[in-house]
Number of protein chains: 2
Amino acid sequence: MDTTPDLLTLRIVRTISEHGTISEAARILGYSQPALSQHLTRAQTRLGLALVVRAGRGVRLTEAGRALASHAVTVLNAVDAASAELAELAGLSSGTVRIAAFPTASSTLVPRLIRQLRQQHPNLTVNYVEAEPPQALQLLRDGAADVAITFSYPEDRADPHLSRDGGHTTVPLFTEPVVLVLPDSHALATADDVGLADLANDAWIAGCTLCRGHLLALCNLEGFAPEIGLETDNALAVLNFVSRGLGVALLPQLALSSLTLPEGVSIHSPQPSSERTIQYVIQPGATRIPSVAATIAMLTALDGASWGLRDYPESERTAR
Amino acid sequence: MDTTPDLLTLRIVRTISEHGTISEAARILGYSQPALSQHLTRAQTRLGLALVVRAGRGVRLTEAGRALASHAVTVLNAVDAASAELAELAGLSSGTVRIAAFPTASSTLVPRLIRQLRQQHPNLTVNYVEAEPPQALQLLRDGAADVAITFSYPEDRADPHLSRDGGHTTVPLFTEPVVLVLPDSHALATADDVGLADLANDAWIAGCTLCRGHLLALCNLEGFAPEIGLETDNALAVLNFVSRGLGVALLPQLALSSLTLPEGVSIHSPQPSSERTIQYVIQPGATRIPSVAATIAMLTALDGASWGLRDYPESERTAR
DNA sequence: ACTCAAGCATAACTAGACGTGATAGTTCAT
DNA sequence: ATGAACTATCACGTCTAGTTATGCTTGAGT
């Protein structure tokens, strides 16, 4: 005989002890009278003892019923506390979201995202970590981040997003062009569109690991291997190197949007043109986590145009 | 969206937080793995938020999951306490039974009953109140007693047991003869059987209200109205009155069995013979109250023969 | 004593919850 | 690469837990 009461039984017994009748308890708890009557008989059968006995035209709690009623207060208070905490989390009156994003986003997308989140959900705690896409994905896998904001080059065959597709959900947000940066001294500095093949003999300045991979892949398609003279993660440094005539470079549009262009460099559209995709990545099913849902809602609502980003085509914006 | 968790969800979440995986939780809780997996998805749908997310080949609790797990400890401890108290009541390691019985039983049936109960259930608290049948029934109705031990005369048309038949359950236990008590000085003192009609002109000594009613009904059947000179509830007083030659009396066998017969009285079988029934009365459904069940089990096991009682015919021993 | 209203129990029915085993897909480690 | 561990999903049967409709008992007020 299982003497473990269920929550409804506790609620019923408590309400009966407070209001005296089953019918009134049913009204208060929002059930029909037979529902409670039957639940009680079932519960009593399960428990193997009586909780109520008829008394006149009402009922009276037995000793066991009174015992349950007194415990019910404790149990239901605790349950209500749990419920309230869940409601808070669901309503974002509390909760935490941990965001990881690549460095360039730190000065563009992320500040705006966090400001909007703070404004709309003042009680939501937001943590932010800067990390290149592979590291951001690792943070996600380790449970150290809830949302990773990353980018992909469509040509990248080693894209970490593809390698373990089942382990996370990737949703594209924007595409941005990759632009060519030439020093004014360069022979093609006055052209609008510049063929990459025409730069086969130039010195190249490479960005972060991923961007460098992209550069290599792109040049490979054009039939040459670029000579890479300098490497740096820092977009501003790249620009300065170019302005001193130390080489040419490809940079994503977003990297430029938060910088003022130094003297002596010019922006061009490379031929063939190229672009990268900015996306967010979450744990599968994490849309059910309110803080995450709020964050990605905010993200998709962000207007990328101010940074030269284009919304990813809606028709193709599907989770992977 | 109802954010109230149910007990199983709390148990599951707690166990997952302690043991890390759903499968292990299922083993511990005695379910199949799909059962918990499905229960979790249902719970998460109900709650409107995620409690677990996949992580590698296991799962990890979300913020909400961890919140629930911590509340689960409180809730489940309280539920377990309630369960333990019910188990105590069910196993009669605690509990109370309140018994009401008519005065004559106080010195015969009841002491033996209570002694047996105490012996078999040392932790059961037994309360006893002496009350004539109508009062005992009232105590039962008021919830002031759990078991009433009463008697009925079959001729009694005003028997309170009959008046509100639905309000309680009556189970006959024994029948006992009603005997005639005559003083030695009486002309019929040497006869075995004595016709009541032959005592039409004697002075009568009446017992309690119910017994007096019985006497009147009986004499009425025989065609005379007895002259009642003395009344007393006390059977010993009745006997002493008779021994002094103050009258004749009818007494139930049980009343005599605990007394030593005074000098100068003799016991006879009245004609027509008469008997009363000793029974217990409980609230309907009260057999599900362990302390009551134990008491009536004890009662039906009592051997009435030592007091001159006869077991009520088994075939007719049905609850009314 | 009769009648009415309050309250509980029961019946018949339905929808959904809740188990099960079988199976497939991931992930991690050897 | 292979296997072990873990979770998710499917198909299925059973039982739970509600519903409305209805009848019975009780207490109160004519």
Side-chain angles (χ1 to χ4, degrees), chain A residues 2 6-9 11-12 15-16 19-46 50-61 65 137-138 140-143 162-169 283-285 288 320, chain B residues 2 5-9 11-12 15-16 19-47 50-61 65 137-138 140-143 162-169 283-285 288 320:
Chain A
D2 181 14
D6 60 312
L7 288 182
L8 181 52
T9 302
R11 261 186 252 284
I12 293 173
T15 311
I16 289 178
H19 296 90
T21 71
I22 293 180
S23 293
E24 182 64 11
R27 277 188 286 277
I28 292 174
L29 296 176
Y31 291 92
S32 65
Q33 171 265 317
L36 263 54
S37 190
Q38 291 179 122
H39 185 96
L40 274 174
T41 60
R42 279 194 299 267
Q44 292 178 132
T45 307
R46 233 195 329 268
L51 301 175
V52 296
V53 287
R54 293 262 349 213
R57 66 182 168 188
V59 291
R60 192 177 28 245
L61 291 179
L137 290 180
Q138 189 56 42
L140 205 66
R141 308 199 85 243
D142 294 346
L162 301 175
S163 71
R164 9 190 41 141
D165 210 24
H168 41 60
T169 302
Q283 293 149 327
R288 309 288 299 272
R320 275 181 299 169
Chain B
D2 182 13
D6 61 311
L7 287 183
L8 181 52
T9 301
R11 260 186 253 283
I12 292 173
T15 311
I16 289 178
H19 296 90
T21 72
I22 294 180
S23 292
E24 182 64 12
R27 276 189 286 276
I28 292 173
L29 297 175
Y31 291 92
S32 64
Q33 171 265 317
L36 294 204
S37 189
Q38 290 179 120
H39 185 96
L40 274 175
T41 60
R42 279 194 300 267
Q44 292 177 133
T45 307
R46 234 195 329 268
L47 298 176
L51 301 176
V52 296
V53 288
R54 290 281 323 234
R57 67 182 168 190
V59 289
R60 190 177 27 243
L61 290 179
L137 290 181
Q138 190 55 43
L140 205 65
R141 310 198 83 244
D142 294 346
L162 301 175
S163 69
R164 11 190 40 141
D165 211 24
H168 41 59
T169 302
Q283 293 148 327
R288 307 288 300 272
R320 275 181 300 168

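Just the heavy atoms: all of them, side chains too, but no hydrogens, waters or symmetry mates, feed the values below. Within every chain, numbering begins at 1; the chains are lettered A, B, ... in the order of the sequence lines, protein sequences first and strands thereafter.
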Please report, rounded to the nearest Å, how far the P atom of dA9(C) is from the CD atom of Gln283(B). 13 Å

Just by distance, do the side chain of Thr15(B) and the backbone of Arg11(B) share a donor-acceptor pair under 3.5 Å? yes

Phosphate contact (dT7(D) OP1 or OP2) by Arg60(B) side-chain N/O below 4.0 Å: no

From CG of Asp6(A) over to P of dA17(D), roughly how many Å is that when rounded to an integer? 7 Å

Do the side-chain N or O atoms of Ser23(A) get closer than 4.0 angstrom to the phosphate oxygens (OP1, OP2) of dC8(C)? yes

Given that Glu24(B) and Arg46(A) both sit by DNA chain D, which one's nearest nucleotide is further toward the 5' end? Glu24(B)

Specify the separation, in whole Å, of atom CG of Leu8(A) and atom P of dA17(D). 8 Å

Starting at the 5' end of DNA chain C, which residue's closest nucleotide do you reach first, His39(B) or Pro34(B)? His39(B)

Nearest 0.5 Å, please: how far is CG in Leu40(A) from CD1 in Ile12(A)? 5.0 Å

Closest approach of Val52(B) to Gln44(B) (non-hydrogen atoms, all atoms of both residues): N-OE1, 3.0 Å

Kindly indicate, with the supporting measurements, whether the criterion side chain to side chain contact (heavy atoms under 4.5 Å, CB included) is fulfilled by Leu36(A) and Ile16(A). CA-CA 10 Å; Leu36(A) 263 54; Ile16(A) 289 178; 6.0 Å; no

Measure the spacing between CZ of Arg141(A) and CD of Gln283(A) and express it to the nearest 0.5 Å. 10.0 Å

Between P on dT26(C) and CZ on Arg54(B), what's the gap in Å once rounded to a whole number? 10 Å

Any side-chain N or O of Ser37(B) less than 4.0 Å from the OP1 or OP2 oxygen of dA8(D)? yes

Base dT16(D) to side chain Gln38(A), donor-acceptor N/O within 3.5 Å cut-off: no

What's the NE2-C1' distance between His19(A) and dA6(C), to the nearest Å? 17 Å

Counting only heavy atoms and a strict 4.0 angstrom limit, can you tell me which residues of residues 25-33 of chain A come near DNA chain D? Tyr31(A), Ser32(A)

Arg42(B) CZ to dG19(C) P: how many Å, rounded? 7 Å

Quick one, Arg288(B) and Thr45(A) - any side-chain contact, counting heavy atoms below 4.5 Å? yes

Roughly how far, to the nearest 0.5 Å, is the CG atom of Leu29(B) from the CD atom of Glu24(B)? 10.0 Å

Distance, rounded to the nearest Å, where Arg57(A) contributes CZ and dG29(D) contributes C1': 11 Å

Between CD of Gln44(B) and P of dA17(C) the distance, given in whole Å, is 15 Å

